[in-house]
*Asks:* 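Sending over a structure as structure tokens; questions will come in a sec.
Basis for what follows: all heavy atoms, side chains included, without hydrogens, waters or symmetry-related copies.
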Amino acid sequence: MRNRKRLITVQMLSFEFRNVIGNPYIHIFGVGMPVFMMILICRSVAAEMAEGTLYASMATSVFLGIGAMIPMATVLMGYGISHAQELEKGIPQRMELFGIMPGVSMCNRILAEGIFMLLAFGIYFAAGYIVVGVESPRTSGLLIYILCMVVFSVMMFCLAHGIASLIRRFGLTYCVTMILYFVFMILGGMMGISYDKMPGVMQLFARMLPVTYINRDFYTVWKGESYNFMPMIQSFLLLGAITGILLFVTVKRGERKLH
């Protein structure tokens, strides 16, 4: 009985981590694609300018912005698709028959996702410093970047969980999360269209997303310079409100099914 009450166990953590690394989407879109895009963009720009202060600031800005792709791919797409597939096959119900409650599985899955993202960011940072020459940050800038990535990852997890729990189908969840992944990238300015060159309607939606400020402005924060955080905070609050409403609807729907 004592082991069943523990939320996190080595066996369950190992099981959930194998589920995470067994998903090919997160390796492609969460590790390979961010590194590839960062190197490709920086090398393309480097071919048109001398490697100096201007290049270093550009490379660092690209590095910081593209880094937001890791939680989007690893959590929004990776977890969303995996969770929908499990719901479609009735795996959570089968695990309950063996005494593994959903809360236990959830806690271990969150920790497994966090470990994988830590490894993914480690690879990404190594590539950034070794290949493209990212500038070193101020301590405050690094801490704020880490905080933003953690908060953004939590929001992506809640969004993915809500979408998968409502749809409960692998194919449709894959389609929805993939669309959101590329919409975030486009509006965030990661696909070659900067915020200043977007039409007015696109700018309106772009201002609602944290990735826009991470991609466009975070170099200023990274270097410890003065920055107005209010628009970025408002975008985080808006996205948090949307994910909170989605989770609320998901929980209420689950309660109705139980009754």
Side-chain angles (χ1 to χ4, degrees), residues 3 6-38 66-96 98-128 146-182 184-185 211 243 246-247 250:
N3 290 335
R6 295 177 60 186
L7 291 177
I8 298 175
T9 64
V10 175
Q11 292 82 359
M12 277 299 299
L13 179 59
S14 176
F15 170 76
E16 294 294 347
F17 187 72
R18 287 197 299 270
N19 282 343
V20 172
I21 62 176
N23 188 340
Y25 298 102
I26 64 173
H27 296 287
I28 297 171
F29 294 101
V31 181
M33 192 170 178
V35 172
F36 174 76
M37 285 190 63
M38 173 188 62
I66 297 296
M69 291 175 59
I70 295 176
M72 287 195 298
T74 303
V75 182
L76 177 60
M77 282 187 59
Y79 171 72
I81 293 170
S82 177
H83 186 53
Q85 192 171 35
E86 291 174 357
L87 291 173
E88 189 174 23
K89 295 180 179 179
I91 293 177
Q93 290 80 4
R94 297 178 192 176
M95 294 180 71
E96 285 190 54
F98 292 94
I100 303 174
M101 303 307 293
V104 174
S105 180
M106 179 71 69
C107 288
N108 285 275
R109 184 56 181 267
I110 291 173
L111 186 55
E113 294 281 354
I115 293 172
F116 182 84
M117 275 203 298
L118 183 62
L119 296 174
F121 270 109
I123 296 172
Y124 184 73
F125 267 70
I146 293 173
L147 176 63
C148 287
M149 288 296 104
V150 170
V151 174
F152 186 61
S153 300
V154 171
M155 291 180 177
M156 291 295 98
F157 187 90
C158 294
L159 186 60
H161 184 79
I163 292 172
S165 298
L166 287 175
I167 297 176
R168 306 178 72 90
R169 293 291 183 271
F170 169 79
L172 187 54
T173 302
Y174 173 78
C175 179
V176 172
T177 54
M178 176 69 81
I179 291 174
L180 287 176
Y181 175 78
F182 282 106
F184 285 178
M185 285 181 60
V211 288
T243 57
L246 185 60
L247 282 179
T250 301

*Asks:* So do His83 and Arg168 actually touch side chain to side chain, heavy atoms under 4.5 Å?
*Replies:*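 They are not in contact (no side-chain heavy atoms under 4.5 Å apart), so the answer is no.
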*Asks:* Hey, is the main chain of Pro71 close enough, under 3.5 Å, to the side chain of Thr74 for a donor-acceptor pair?
*Replies:*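 No, Thr74 side chain to Pro71 backbone: no donor-acceptor pair under 3.5 Å.
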*Asks:* Looking at Tyr124 and Val31, would you say the former's side chain and the latter's main chain have a donor-acceptor pair under 3.5 Å?
*Replies:* no
*Asks:* State, to 0.1 Å, how close Gly80 and Ala164 come at their nearest heavy-atom pair, and which atoms those are.
*Replies:* O-CB, 3.4 Å
*Asks:* Starting at CE of Met33, measure out to CE of Met72 and round the result to the nearest 0.5 Å.
*Replies:*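 The distance works out to 9.0 Å.
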*Asks:* How far apart are the closest heavy atoms of Gly67 and Met149, and which atoms are they?
*Replies:* O-SD, 4.2 Å
*Asks:* Less than 4.5 Å apart, any side-chain heavy atom of Phe15 and any of Gln11?
*Replies:* no
*Asks:* For the atom pair CD1 (Ile179) and SG (Cys175), what is the distance rounded to the nearest 0.5 Å?
*Replies:*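 It comes to 4.0 Å.
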*Asks:* Between atom CG of Leu76 and atom CZ of Phe184, what is the distance when rounded to the nearest 0.5 Å?
*Replies:* 6.5 Å
*Asks:* My understanding is that only residues two or more places apart in sequence, or in another chain, count here; which of them pass ring-ring contact (aromatic ring centres under 6.0 Å, His included) with Phe29?
*Replies:* Tyr181
*Asks:* Mind listing the closest non-hydrogen atom pair of Met77 and Thr177 along with its distance?
*Replies:* CG-O, 3.9 Å
*Asks:* Let me check something: any side-chain donor-acceptor pairs from residues 112-122 under 3.5 Å, sequence neighbours excluded? List them with distances.
*Replies:*
residue: Glu113; atom: OE2; partner: Arg109; partner atom: NE; Å: 3.1
residue: Glu113; atom: OE2; partner: Arg109; partner atom: NH2; Å: 3.4

*Asks:* Does any part of the side chain of Val154, heavy atoms only, come nearer than 4.5 Å to the side chain of Val75, both counted from C-beta?
*Replies:*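 Val75 does not reach Val154 side chain to side chain.
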*Asks:* Can you list the steps and then say if Ile163 with Leu180 is a side-chain contact (heavy atoms from CB on, under 4.5 Å)?
*Replies:* CA-CA 11 Å; Ile163 292 172; Leu180 287 176; 3.5 Å; yes
*Asks:* May I ask you to decide if Gly78's main-chain N or O and Asn23's side chain share a donor-acceptor pair within less than 3.5 Å?
*Replies:* yes
*Asks:* Rounded at 0.5 Å granularity, tell me how far CD in Glu16 sits from CE in Met106.
*Replies:*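 The distance works out to 9.5 Å.
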*Asks:* In chain order, what residues pass the ring-ring contact (aromatic ring centres under 6.0 Å, His included) check against Phe17, with sequence neighbours excluded?
*Replies:* none
*Asks:* Okay, side chain of His27, backbone of Ile21: is any donor-acceptor separation there less than 3.5 Å?
*Replies:* yes
*Asks:* So how far is it from Asn19 CG to Gln85 CD, rounded to the nearest 0.5 Å?
*Replies:*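 So the gap between those two atoms works out to 10.0 Å.
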*Asks:* Regarding Ser14 and Arg18, is there a side-chain donor-to-acceptor distance under 3.5 Å anywhere?
*Replies:* yes
*Asks:* Would you indicate whether Phe36, at its atom CZ, is surrounded by more than 12 heavy atoms from other residues, nucleotides or ligands within a distance under 6.0 Å?
*Replies:*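 Atom CZ in Phe36 is not crowded, with 12 or fewer foreign heavy atoms closer than 6.0 Å.
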*Asks:* How long is the straight-line distance from OG of Ser165 back to CG of Leu246, given to the nearest 0.5 Å?
*Replies:*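 These two atoms lie 8.5 Å from each other.
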*Asks:* Do you know the tightest heavy-atom contact between Val35 and Ala127?
*Replies:* CG1-CB, 4.0 Å
